[in-house]
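Below you'll find the structure, written out as structure tokens, and then a few comments.
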Protein chains: 2
Amino acid sequence: MVTIKQISEKLRLSPATVSRALNGYPEVSAKTRILVEETARNLNYRPNQLAKKLATGRSGMIGLVLPPSNDKGFDPTFFDVMTGLSRRLTELDLDLVFHAPVFGDDIEPFRRLVGKQAVDGFIVTNPRLSDARIDFLLEEDIPFVVHGRNASEQPGFAYFDIDNFRVGYDATKLLLDLGHRKICFLNGPDDVHFSFERKRGFEKALADHGSDAASGAVRHGRMSESYGYREALAALSLPPAQRPTAFVSSSTIIAAGILRAVRDKGLRVPDDVSIVSHDDAPPQLDAMGFDPALTVTYSPLRDACGPLADILQGLLNGENLDKLQITEEAELIVRQSTGPSPSVDQSKGQTA
Amino acid sequence: MVTIKQISEKLRLSPATVSRALNGYPEVSAKTRILVEETARNLNYRPNQLAKKLATGRSGMIGLVLPPSNDKGFDPTFFDVMTGLSRRLTELDLDLVFHAPVFGDDIEPFRRLVGKQAVDGFIVTNPRLSDARIDFLLEEDIPFVVHGRNASEQPGFAYFDIDNFRVGYDATKLLLDLGHRKICFLNGPDDVHFSFERKRGFEKALADHGSDAASGAVRHGRMSESYGYREALAALSLPPAQRPTAFVSSSTIIAAGILRAVRDKGLRVPDDVSIVSHDDAPPQLDAMGFDPALTVTYSPLRDACGPLADILQGLLNGENLDKLQITEEAELIVRQSTGPSPSVDQSKGQTA
DNA sequence: CGGACTTTTCAAATCGTTTTGGAAATGGTG
DNA sequence: CACCATTTCCAAAACGATTTGAAAAGTCCG
């Protein structure tokens with residue numbers, strides 16, 4: 001193992017100078033820098049990370065803990081995010097240390113990692129409206145960034161989130177503008193922030209529209225095909241006066257269930273029923289591949305990985321918090337699963 | 001941050017003694033040990049991992065790299081294994097550092113982690129018959145354990161594997177004993193060791209049986225429901241003389257496809273067609289929950305996590321390699337998806 | 001009591017970096 | 001040439017543990 005000392009001896013320089021030259025400090029002349037860099041390369045010098053970490057007090061490790069299990073089975077999106085994070089963090093010369101909590105104790109891995117001083121910070125995914133992990137990290141004053149948010153109005157932590165209010169609002173407004181008056185919203189679980197915000201957006205759009213004829217129903221549930229199928233089937237089985245002509249869905253997997261229910265009812269999309277879904281572009285489900293292609297609010301999960309990593313690094317470098325709280329807009333992409341409300345078509349025919 | 005030095009000063013002891021007392025070395029009297037332990041606890045002393053690592057030269061980190069992507073989509077079983085590994089490694093006071101390779105370069109993450117001296121060893125999953133990662137780690141002489149094996153007869157590395165020859169043999173023998181003579185084996189990819197071994201077992205069972213009337217066909221493919229469906233449908237569409245009366249499957253997900261194909265053909269399990277599958281107990285698919293319950297060779301993936309972690313630790317502690325190469329037997333569990341061959345039933349009737 | 005062990009403790013070196021506080025070298029100016 | 005301000009470099013002190021070699025203390029026995 002070749003060390004800084006060996007380089008310094010070979011060059012008759014002090015270790016300090018070598019260290020400086022290698023780390024790009026300004027107080028070293030150009031020629032000695034080149035000389036040092038060259039011999040370092042020749043000797044195939046690799047700085048000992050542990051020594052570096054001990055000296056700088058930074059471990060260069062980021063903690064990522066498997067979020068509390070949602071009943072059974074893991075969230076596949078988590079792993080999508082994890083791989084994206086790993087890629088970006090690698091570019092920043094940070095490493096990801098992964099832990100899975102034992103069932104029942106969500107913050108034990110955090111406590112462990114903090115106690116061991118093994119990581120410089122954490123990335124928290126799948127936050128709840130009220131989240132023990134966030135509370136713990138705030139309490140301990142450990143740097144962390146959240147993918148999403150919790151319930152607090154003015155979060156005292158760094159986060160990256162999409163504008164879920166707008167997601168709910170835009171989807172709903174699109175449908176209202178198309179003449180739909182009975183809209184059913186199959187939302188996510190009721191204990192997460194994005195569901196809460198989307199619901200707010202949904203209700204605001206209805207309220208803004210003014211027409212008291214417009215009405216909506218919101219359902220909450222675990223994002224799954226069967227949930228979408230079950231709830232959509234129930235809604236479509238209502239008497240015609242109450243039956244929705246359009247669905248808003250919080251995920252493409254739910255939308256797949258809705259689509260199946262519509263088909264089973266012998267109805268067509270978008271002629272009889274419109275669907276607009278949020279689409280975070282999971283690897284296994286392509287909204288464009290739906291038949292008909294799905295109208296969506298589009299915001300790929302993997303696009304969050306880069307920003308999350310960058311935010312955390314900013315945090316570690318002591319940047320100001322207000323630059324590290326980022327909310328991005330989702331993009332409304334109108335495809336073939338939305339069309340004018342059938343009832344409106346009739347009224348149009350009548351008024352024309 | 002409370003250090004060993006502070007404890008030593010408070011107790012008027014030397015840091016060496018404190019270190020020894022805390023780490024359970026014998027050359028320290030019982031009373032001072034108790035004393036040290038007590039004050040350490042009172043002061044809420046937590047050893048600085050980085051310092052410890054620098055002094056001992058061991059990082060306490062284990063590298064786990066996402067295996068080369070199988071076309072698109074990630075292998076969900078990998079994450080199952082990863083969480084299991086994390087749990088066991090945590091008990092051994094080791095941490096898992098995760099990396100995702102950028103597409104196309106499978107060993108770059110290994111090279112990086114090795115170069116940085118960031119990990120003490122690796123766990124390699126989803127090995128191929130010929131695997132660049134294994135070659136690299138052998139070359140660099142880095143400790144690692146493989147989940148499965150590569151093509152070499154006498155691997156020069158630690159591994160944990162199941163007896164895949166027996167998996168193929170036992171499943172096939174069961175069907176032969178039930179009178180089946182035309183057996184179709186829907187195996188995994190052809191470039192992995194377990195497929196190779198199971199195929200050997202399959203062929204050996206046929207050969208051992210002797211009856212030249214018995215014949216088998218082996219297919220290779222990516223483990224998926226659609227692969228099972230497609231191949232089973234093709235096989236069942238053959239003229240009766242060549243049509244298999246039984247399937248061997250390399251995974252429950254394939255078996256699900258076979259089952260669907262059988263149904264689509266208007267046939268019944270096990271009356272018309274028998275199925276025996278290998279079952280590594282993925283979280284999302286329960287072989288017992290099949291209708292009919294699946295006859296399987298049973299060996300849960302997650303049961304491999306503990307041994308893998310233990311083997312790696314043994315390796316790091318310099319244990320002998322031959323104790324670190326473990327092959328376990330899978331358990332044959334006969335349930336409702338296997339029954340006597342329909343043609344045999346006829347012959348029985350004739351001979352009786 | 002004194003020598004020979006054994007047990008217990010300690011001071012100091014080590015791990016491989018970074019960082020601090022000066023000192024030496026350099027260069028420009030009057 | 002003396003003087004001062006920059007550059008450029010260095011010796012030594014961290015960082016917080018482990019480990020080595022030796023000294024001090026305790027124990028035993030003749």
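Order of the sequence lines fixes the chain letters, A, B, ..., with proteins taken first and strands second; residue numbering starts at 1 for each chain.
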Extract all donor-acceptor atom pairs below 3.5 Å that involve side chains of residues 43-53 of chain A and protein atoms in other chains or at least two apart in sequence.
| unit_1 | atom_1 | unit_2 | atom_2 | d |
| --- | --- | --- | --- | --- |
| A:Asn48 | OD1 | A:Leu50 | N | 2.7 |
| A:Asn48 | OD1 | A:Ala51 | N | 3.1 |
| A:Lys53 | NZ | A:Ser59 | O | 3.1 |

Would you give me the side-chain donor-acceptor pairs under 3.5 Å for residues 150-161 of chain B, sequence neighbours excluded?
| unit_1 | atom_1 | unit_2 | atom_2 | d |
| --- | --- | --- | --- | --- |
| B:Asn150 | OD1 | B:Ser152 | N | 3.1 |
| B:Asn150 | OD1 | B:Ser152 | OG | 2.6 |

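Note that the CG atom of A:Leu89 and the CG atom of A:Asp310 stand 9.0 Å from one another [nearest 0.5 Å]. Atoms CG and OG1, on B:Leu66 and A:Thr83 in that order, are 6.5 Å from each other to the nearest 0.5 Å. A:Leu113 CG to A:Phe98 CZ: the interatomic distance, rounded to the nearest 0.5 Å, is 11.5 Å.
Listed pair B:Tyr25 / C:dT8 fails the phosphate criterion, with no side-chain N or O lying under 4.0 Å from OP1 or OP2. A close approach under 4.0 Å does occur between a side-chain nitrogen or oxygen of A:Ser29 and OP1 or OP2 of D:dC9.
For the helix from C:dC1-D:dG30 to C:dG30-D:dC1, the rotation axes defined at the first and last 5 base pairs enclose an angle of 60°, given to the nearest 10°.
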Nucleotide N/O of nucleotides 26-28 of chain D paired with protein N/O under 3.5 Å:
none

Every protein N/O lying under 3.5 Å from an N/O of nucleotides 25-28 of chain C:
none

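Without hydrogens or angle criteria, A:Arg149 side chain to A:His193 main chain gives no donor-acceptor distance under 3.5 Å.
In this structure, the side-chain hydrogen bond (donor to acceptor under 3.5 Å, both in side chains) partners of B:Ser29, at least two apart in sequence or on a different chain, are B:Thr32. In this view, B:Phe194 satisfies the ring pair (Phe, Tyr, Trp, His ring centres under 6.0 Å) rule with no residue, not counting sequence neighbours. Qualifying side-chain hydrogen bond (donor to acceptor under 3.5 Å, both in side chains) partners for B:Ser14, counting only residues two or more places apart in sequence or in other chains: B:Thr17. In terms of the salt bridge (charged side-chain N to carboxylate O under 4.0 Å, His left out) criterion, residue partners of A:Glu91 (sequence neighbours excluded) are, by chain and number, A:Arg88. For the ring pair (Phe, Tyr, Trp, His ring centres under 6.0 Å) test, residues two or more places apart in sequence or in another chain that qualify with A:Phe110 are A:Phe122.
Ring pair A:Phe79/B:Phe79: centre-to-centre distance below 6.0 Å.
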message: With side chain to side chain contact (heavy atoms under 4.5 Å, CB included) as the criterion, how do A:Thr39 and A:Leu11 come out once you've worked through the C-alpha distance, each side chain's angles and the decisive distance to 0.1 Å?
response: CA-CA 9 Å; A:Thr39 55; A:Leu11 259 43; 3.6 Å; yes
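Shown for residues 5-20 of chain B: residues whose heavy atoms fall under 4.0 angstrom of DNA chain C, namely B:Arg12, B:Leu13, B:Ser14, B:Ala16, B:Thr17, B:Arg20. Of the residues in residues 35-62 of chain B, those with a non-hydrogen atom less than 4.0 angstrom from any atom of DNA chain C are B:Leu54, B:Ala55.
In this structure, A:Glu27 atom CD and C:dT19 atom C1' are separated by 10 Å, rounded to whole Å. Residue A:Lys116 contributes atom NZ, which lies 14 Å from atom P of D:dA17 at whole-angstrom precision. Rounded to a whole Å, the CG atom of A:Leu22 is 14 Å from the P atom of D:dC9. The distance from atom CE of A:Met1 to atom C1' of C:dT17 is 14 Å, rounded to the nearest whole Å.
By the 4.0 Å N-to-carboxylate-O rule, B:Lys116 lies close enough to A:Asp95 to be salt-bridged with it. A salt bridge links B:Asp80 and B:Arg302; the closest N-O separation between the charged side-chain nitrogens and carboxylate oxygens is under 4.0 Å.
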